[in-house]
Number of protein chains: 2
Amino acid sequence: MTAPAAIREKHDGAMGAHGNVRLWLRLLTCATVIEKRIKRRFADRFGVTLPRFDVMAALDRHPEGMTMGQLSQALLVSNGNVTGVVQTLARDRYVSIAPSPTDGRASIVRLTQQGRECFAGLADAHHDWIDAMLAGLSRDQRTALYDLLGALKHSLAADTGKEDA
Amino acid sequence: MTAPAAIREKHDGAMGAHGNVRLWLRLLTCATVIEKRIKRRFADRFGVTLPRFDVMAALDRHPEGMTMGQLSQALLVSNGNVTGVVQTLARDRYVSIAPSPTDGRASIVRLTQQGRECFAGLADAHHDWIDAMLAGLSRDQRTALYDLLGALKHSLAADTGKEDA
DNA sequence: GCCTAAAATTTTAAGCTTGAAATATCATAT
DNA sequence: ATATGATATTTCAAGCTTAAAATTTTAGGC
């Protein structure tokens with residue numbers, strides 16, 4: 001077996017001694033590599049984009065349906081964005097859009113039967129891919145990484161960005 | 001002082017017991033939050049987009065200039081992408097595009113004086129923002145996180161994606 | 001010189017993303 | 001009833017992203 005090719009770091013060799021920036025770039029690189037790999041595999045093997053998968057995943061957990069605004073909040077993306085993704089999903093018959101019976105402004109989006117079946121396959125593959133990509137880490141390493149990322153999340157929540165700078 | 005608001009995790013509450021997927025979603029959330037925050041601040045305070053900053057950062061480390069292909073490789077994005085970003089950067093006089101003296105196919109992109117000055121301010125702010133966002137982690141935590149992400153990088157390099165799936 | 005394969009780049013089409021402006025509806029106070 | 005402000009959504013313009021096709025140039029082989 002040949003040694004696997006090392007993954008190049010974005011801005012490799014840059015930033016000199018700024019350890020924090022290097023940490024951030026390494027984090028970004030890992031996230032980007034995983035995301036692009038999943039995106040590529042979804043496209044190649046299922047003909048599905050990542051945003052569509054995200055919408056379907058959210059809807060799968062809410063069989064009663066979700067409004068556009070709820071989807072926007074759950075996925076951390078803008079309202080206008082959801083409109084476009086849901087429209088193509090509806091065009092391809094993966095979701096249905098129905099007017100809300102209680103609120104004339106809102107629409108209720110639901111997975112169709114076809115959408116549910118499609119998503120089941122996507123979720124299985126997704127799960128397997130993640131497992132394989134993390135296989136090089138021990139159980140302890142994964143736990144430690146999960147906890148440290150939790151600490152980072154806290155640190156991010158504490159940084160309001162209001163420093164005058 | 002009020003407690004900072006917790007950061008919602010993408011697909012919060014989803015995925016049940018699949019620890020690996022949860023680890024991935026937490027990693028993705030951290031990267032996304034940091035990236036969006038930087039993007040927003042660059043836009044608000046400097047009127048610059050992240051891709052343009054990335055190109056300027058690469059060029060700043062290569063005063064001799066880079067070809068489109070080198071930029072594409074360094075930034076892990078497609079060729080066609082670089083073309084567009086560099087063109088708007090050139091339109092705004094931050095970079096110059098000159099034909100290569102040795103290869104008629106290639107162009108050489110360089111930061112202009114205006115580009116260098118602009119980038120210096122961007123890099124300073126960028127550095128400060130990262131420091132502030134990581135301030136909640138101890139030195140040991142940052143070292144541990146950096147090392148674990150290094151292990152993850154190795155794990156990613158080992159996963160070829162050739163499993164039949 | 002001429003042909004061909006490889007390399008660097010640009011162009012194109014489709015889709016994602018955002019923020020801001022525009023629409024439509026709801027809820028409430030008069 | 002009607003005016004007001006808030007809410008849900010859509011539309012729009014600008015920019016990023018990719019893959020694939022087209023273009024241009026290089027480098028060799030004949």
Side-chain angles (χ1 to χ4, degrees), chain A residues 10 28 31-33 35-56 65-92 94-95 97-109, chain B residues 10 28 31-33 35-56 65-92 94-95 97-109:
Chain A
K10 205 169 179 179
L28 178 60
T32 303
V33 167
E35 193 168 32
K36 284 197 175 176
R37 210 170 277 185
I38 293 173
K39 174 182 172 183
R40 163 74 61 129
R41 292 178 190 175
F42 271 149
D44 286 353
R45 307 185 194 183
F46 296 97
V48 172
T49 65
L50 218 34
R52 281 182 224 190
F53 172 75
D54 287 339
V55 168
M56 285 195 276
M66 299 175 80
T67 65
M68 295 291 194
Q70 286 171 332
L71 276 169
S72 164
Q73 280 198 320
L75 302 178
L76 310 176
V77 298
S78 67
N79 270 340
N81 188 347
V82 172
T83 298
V85 176
V86 167
Q87 277 174 354
T88 68
L89 232 26
R91 180 200 63 193
D92 297 340
Y94 290 124
V95 306
I97 307 176
S100 166
T102 66
D103 188 334
R105 300 164 297 179
S107 304
I108 307 238
V109 185
Chain B
K10 205 169 179 180
L28 177 61
T32 302
V33 167
E35 193 169 31
K36 283 196 176 177
R37 212 170 274 185
I38 294 174
K39 174 182 173 182
R40 163 74 61 128
R41 292 179 190 174
F42 270 149
D44 286 352
R45 307 184 193 183
F46 296 96
V48 171
T49 64
L50 217 34
R52 280 182 224 190
F53 172 74
D54 287 339
V55 168
M56 285 195 276
M66 300 175 78
T67 65
M68 295 291 194
Q70 286 171 333
L71 276 169
S72 164
Q73 280 198 320
L75 302 178
L76 309 177
V77 299
S78 69
N79 270 338
N81 187 346
V82 171
T83 298
V85 176
V86 167
Q87 277 174 355
T88 69
L89 232 25
R91 181 200 62 191
D92 297 340
Y94 290 123
V95 306
I97 308 177
S100 166
T102 66
D103 188 335
R105 298 165 297 180
S107 304
I108 307 236
V109 186

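By convention in this document, chain letters (A, B, ...) are assigned in the order of the sequence lines, proteins followed by strands, and residues within each chain are numbered from 1. Computed from a prediction, not measured in an experiment: that's the story for all the values here.
B:S100 comes within 4.0 angstrom of nothing in the nucleic acid, heavy atoms only. Counting non-hydrogen atoms under 4.0 angstrom, A:G80 reaches a base of the nucleic acid.
D:dT11 atom P lies 10 Å from atom CE of A:M68, rounded to whole Å. Across the protein-nucleic acid pair, B:R91 atom CZ and D:dG15 atom C1' stand 10 Å apart, rounded to whole Å. Rounded to whole Å, the distance from CD on A:Q73 to P on C:dT18 is 14 Å. Rounded to whole angstrom, the span from the CG atom of B:L71 across to the C1' atom of C:dA8 amounts to 13 Å. One interatomic measurement links the two molecules: CD1 of A:I108 to C1' of D:dT9, which rounds to 13 Å at whole-angstrom precision. To the nearest angstrom, P of C:dC16 lies 13 Å from CD of A:E35. What separates CG of B:L50 from P of C:dT18 is a distance of 13 Å, to the nearest Å. Between the CZ atom of B:F42 and the P atom of C:dT18 there is a distance of 18 Å, rounded to whole Å.
Comparing C:dT25, D:dT10, C:dT10 by their nearest atom to the side chain of A:T83 picks out D:dT10. Each of C:dT25, C:dT17, D:dC16 was ranked by its minimum atom distance to the side chain of B:P51; first place goes to D:dC16. Here the side chain of A:R105 is nearest to one of C:dT17, C:dA7, D:dA8, namely D:dA8.
Rounded to the nearest 0.5 Å, atoms CE (A:M66) and OG (A:S72) are 10.0 Å apart.
At the phosphate of C:dT18, OP1 or OP2 sits under 4.0 Å from a side-chain N or O atom of B:K36. The phosphate of D:dG15 (OP1 or OP2) has no side-chain N or O of B:T49 nearer than 4.0 angstrom. For the pair A:N81 and C:dT18, the criterion of a side-chain N or O lying under 4.0 Å from OP1 or OP2 is met. An OP1 or OP2 oxygen of C:dT17 is reached within less than 4.0 angstrom by no side-chain nitrogen or oxygen of B:K39.
Annotation: side chain of A:V82 is not in contact with side chain of A:V55 (no heavy-atom distance under 4.5 Å). A 4.5 Å side-chain heavy-atom check between A:R91 and A:Q87 finds every atom pair outside the cut-off. Within the 4.5 Å cutoff, side-chain heavy atoms of A:I97 are placed close to those of A:V86. In this structure the side chain of B:V85 reaches within 4.5 angstrom of the side chain of B:R52, judged on heavy atoms.
Take the nearest nucleotide of DNA chain C for A:N79 and for B:T67: the residue whose nucleotide is more 5' is B:T67. Nearest-nucleotide positions on DNA chain D place B:G84 closer to the 5' end than the other of B:G84 and A:R40.
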